[in-house]
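Some notes on the structure that comes next.
So that the names make sense, note that chain A is the first sequence line, chain B the second, and so on, each numbered from 1.
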Protein chains: 2
Amino acid sequence: MSTTAPVRPSAARERILETAFALFYAHGIRAVGVDRIIAESDVAKATFYKHFPAKDDLVVAYLDKVDGVWTGQLHEAAAAAGPDPAAQLVGLFDALRASCRREGYRGCAFINAAAESQPGTAVHDRTVAHKTAVLSWVHELAERAGARDPGALARTLTLLLDGGLASGSLDASPDAPDAAKASARALVDVATRTDGRG
Amino acid sequence: MSTTAPVRPSAARERILETAFALFYAHGIRAVGVDRIIAESDVAKATFYKHFPAKDDLVVAYLDKVDGVWTGQLHEAAAAAGPDPAAQLVGLFDALRASCRREGYRGCAFINAAAESQPGTAVHDRTVAHKTAVLSWVHELAERAGARDPGALARTLTLLLDGGLASGSLDASPDAPDAAKASARALVDVATRTDGRG
DNA sequence: CATCAGATAGACAGATCTGTCTATCGTTAC
DNA sequence: GTAACGATAGACAGATCTGTCTATCTGATG
């Protein structure tokens, strides 16, 4: 029993973060007060402010958590497409489809957070950092796929991805992710063709 | 002088809407209180609530205004590309580039509003209505361009557009709109090619 | 047993938010 | 001139928000 003691990142903190994860995403950041998070995570107010001195600290931690989850899904979807980098560039769009189909889907948490924050703040910076990381990961994939212009291909694919994420919650029809994937396939194909007909 | 009397949509109302337009877009909807709008538009509180019984009514009017402006820019950019519908489908992306370059650009007002509202509310519905209208306009253009699958092409192009709008404010580099336009050209080309090689 | 860190409950302060209400002032129309 | 209307200034209510603080409890470690 005492074996797992050293690794205990505070159950209360974990509960707060879990509650914030659900509430911030479902209702927006400003719409959810710390009082509600405190109540729903069964935590004392002093405990909350001990772990997160200000609400924005919690928001950044929330974005860190979303980053971990979403990046993981992206990588898994890419890996599931097999070893070929070009196929992975297409396969990652399966993560988009899965997300959009999820109950309570409400768009990209980062774009949403950016909509509620100002440039120069820690929250906004965290959003930019996430988008930059995704772009550079796709870029690397595009390079390994042998794209003629990996930068342009990566840019286009992330645009499609962001568009799908953003409009996925504004659109009843579920064909947006499919359209995104189909276009991604066409664009990857054109960008990696070697016969010069691209 | 009495000639223009019948058409006087209240100067105070216009001032309120103008102020809301600037503040809501720059700071987000929840971040701007009605008190601030009242103060900066030099209007009495009773006047404000006479024209907009609740804040949400002003938000919807704000989105109406944005819709008018943005749709106009979109149509103008398309028209500037000439009479060919296929060229217009590509040309409309010039509106994206112009928007992203504008000082104080902070993404798509509709996506931002959706991030701060709940499905089922008037504000959220207004956002969906805008996106639907843009999609059907692009769809019509795609049909006139003779696309094999106008629905798929329209969907893809609006995804690119939304992606550009959403990430335009999260990205220091200004090449996103150019990449979107280049991809749009490639996709339109493939979708309207008649030699069956698409 | 003693100590100390982390958690708890909740009062409190100060700001801010939406929305209501009263009382007054000009201007226009009849 | 007078009635009606739009606008003004600003007090007010009631809720909610972030953040602080005190006092107490619990459980593990020395």
Side-chain angles (χ1 to χ4, degrees), chain A residues 1-20 22-24 26-63 113 115-118 121-124, chain B residues 1-20 22-24 26-63 113 115-118 121-124:
Chain A
M1 295 299 173
S2 64
T3 56
T4 57
V7 187
R8 197 175 39 127
S10 173
R13 194 195 133 99
E14 232 30 56
R15 238 154 47 222
I16 294 168
L17 205 44
E18 202 68 40
T19 306
L23 291 181
F24 281 160
H27 303 284
I29 292 168
R30 280 194 113 100
V32 177
V34 294
D35 276 350
R36 181 166 177 195
I37 294 174
I38 286 165
E40 294 200 18
S41 50
D42 261 318
V43 144
K45 204 159 196 178
T47 306
F48 175 91
Y49 278 102
K50 180 167 208 75
H51 289 294
F52 305 101
K55 186 186 178 182
D56 269 5
D57 295 320
L58 175 60
V59 176
V60 171
Y62 152 70
L63 291 178
E116 296 196 72
S117 64
Q118 292 282 46
T121 62
V123 172
H124 197 273
Chain B
M1 295 297 169
S2 64
T3 57
T4 57
V7 187
R8 196 174 42 124
S10 172
R13 194 194 134 101
E14 237 22 62
R15 238 154 47 222
I16 294 168
L17 206 43
E18 202 66 40
T19 307
L23 291 181
F24 280 159
H27 303 284
I29 291 168
R30 280 194 114 98
V32 177
V34 294
D35 278 349
R36 181 167 177 194
I37 294 175
I38 286 165
E40 294 199 17
S41 50
D42 260 318
V43 143
K45 204 159 194 176
T47 306
F48 175 90
Y49 277 102
K50 181 168 208 75
H51 289 295
F52 305 100
K55 185 185 178 181
D56 268 5
D57 296 319
L58 175 61
V59 176
V60 171
Y62 153 70
L63 292 178
E116 294 197 74
S117 64
Q118 291 283 43
T121 62
V123 172
H124 197 273

(request) Answer yes or no: does a side-chain N or O of A:Thr47 lie under 4.0 Å from OP1 or OP2 of C:dG6? (result) no
Cut-off 3.5 Å, no hydrogens considered: what does the side-chain donor-acceptor table look like for residues 12-19 of chain A, sequence neighbours left out?
unit_1, atom_1, unit_2, atom_2, d
A:Arg15, NE, A:Ser41, O, 3.0
A:Arg15, NH2, A:Asp42, O, 2.8
A:Glu18, OE1, A:Lys65, NZ, 3.4
A:Thr19, OG1, A:Arg15, O, 2.9

(request) Round to the nearest Å and state the distance from A:Ile16 atom CD1 to C:dG6 atom C1'. (result) 12 Å
(request) Output all residues satisfying side-chain hydrogen bond (donor to acceptor under 3.5 Å, both in side chains) with A:His124, sequence neighbours left out; order by chain, then residue number. (result) none
(request) Check the pair A:Phe52 / A:Val59 against side chain to side chain contact (heavy atoms under 4.5 Å, CB included), numbers first and verdict last. (result) CA-CA 9 Å; A:Phe52 305 101; A:Val59 176; over 6 Å; no
(request) Could you check how far NE2 of A:His51 sits from C1' of C:dA7, rounded to whole Å? (result) 8 Å
For residues 28-37 of chain A, which side-chain donor-acceptor pairs fall under 3.5 Å, sequence neighbours excluded?
unit_1, atom_1, unit_2, atom_2, d
A:Asp35, OD1, A:Lys45, NZ, 3.0
A:Arg36, NE, A:Glu40, OE2, 2.9

(request) Please round to the nearest 0.5 Å and tell me the distance separating atom CZ of B:Phe48 and atom CG of B:Leu58. (result) 5.0 Å
(message) Please list all pairs meeting salt bridge (charged side-chain N to carboxylate O under 4.0 Å, His left out) that have one or both residues in residues 48-57 of chain A, counting only residues at least two apart or in different chains.
(response) none
(message) Output the rounded distance in Å from NZ (B:Lys50) to P (C:dT22).
(response) 14 Å
(message) Protein within reach of the bases, or only the backbone? For nucleotides 10-21 of chain D, mark each nucleotide 5' to 3' as B, S or -, using heavy atoms under 4.0 Å.
(response) BB------BBBB
(message) At 4.0 Å (heavy atoms only), tell me whether B:Arg15 reaches a base, stays on the sugar-phosphate, or touches nothing.
(response) sugar-phosphate
(request) Compare side-chain N and O positions of B:Ser10 against OP1 and OP2 of D:dA7 and report whether any pair is under 4.0 Å apart. (result) yes
